[in-house]
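Presented below is the structure to which this report refers.
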Amino acid sequence: MAKIEKSPEQWREELTPEQYRVAREKGTERPFTGDYQVRDEQGIYHCICCHAPLFENEHKFDAGCGWPSFDRPLGRHSVEEHQDTTHGMVRTEVVCSHCDAHLGHVFPDGPPESTGLRYCINSVSLEFHPGE
């Protein structure tokens, strides 16, 4: 599948300023300020930019870090991971595999009884579709 590519001007027309800053400029929302707290409702989280399905609510957990956390993406082709060496750290960035929207980072401190991974995702990069 070809990547969705748009000019910065096109993305700015479609996204709020905060969505653009985080998803297109690799920003981070402040912890504990976003939506999507852990809930029992079944559903899928989609990319705010291209609406591709990314994460399932069933794999969400409360990591106490201030951002939505998942132990895995929806499928192995939902997201891509890249080394991020900004801010004097080495981390693994998570982006949408369809449009390269910045989603957050993945860390190896997730639930040991499942994958052991914590996909720490900016809620502003997501939209929840209940019932999916």
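Side chains included, hydrogens not; waters and symmetry mates left out as well; all remaining heavy atoms used.
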Polar side chain donor-acceptor pair, Glu56 to Gln42, under 3.5 angstrom: yes
Check: Glu93 and Lys26 side chains under 4.5 Å, non-hydrogen atoms: yes
Gly34 versus Ser123, closest heavy-atom pair with distance: CA-OG, 3.0 Å
Contact summary for Leu103 and Cys96, nearest pair of heavy atoms: CD1-N, 3.6 Å
Mutual orientation of the aromatic rings belonging to His46 and His129 [parallel < 30°, tilted 30-60°, perpendicular > 60°]: parallel
Main-chain N/O of Gly64 paired with Asp62 side-chain donor or acceptor, under 3.5 Å: yes
Residues clustered with Leu74, ILVMFWY side-chain links under 4.5 angstrom: Ile44
Flag for Glu25-His102: side-chain donor and acceptor within less than 3.5 Å: no
ring-ring contact (aromatic ring centres under 6.0 Å, His included) partners for His77, two or more places apart: none
Contact summary for Cys120 and Ser69, nearest pair of heavy atoms: CA-OG, 4.4 Å
Ion pair check, Glu80 and Lys3, cut-off under 4.0 Å: yes
Please list, one pair per line, the donor and acceptor atoms closer than 3.5 Å that link side chains of residues 111-119 to other protein atoms, with sequence neighbours excluded.
residue: Ser114; atom: OG; partner: Asp71; partner atom: OD2; Å: 2.8
residue: Ser114; atom: OG; partner: Pro111; partner atom: O; Å: 3.3
residue: Thr115; atom: OG1; partner: Asp71; partner atom: O; Å: 2.5
residue: Thr115; atom: OG1; partner: Leu117; partner atom: N; Å: 3.1
residue: Arg118; atom: NE; partner: Asp109; partner atom: OD1; Å: 2.8
residue: Arg118; atom: NH2; partner: Asp109; partner atom: OD1; Å: 3.4
residue: Arg118; atom: NH2; partner: Asp109; partner atom: OD2; Å: 3.0
residue: Tyr119; atom: OH; partner: Glu81; partner atom: OE2; Å: 2.8

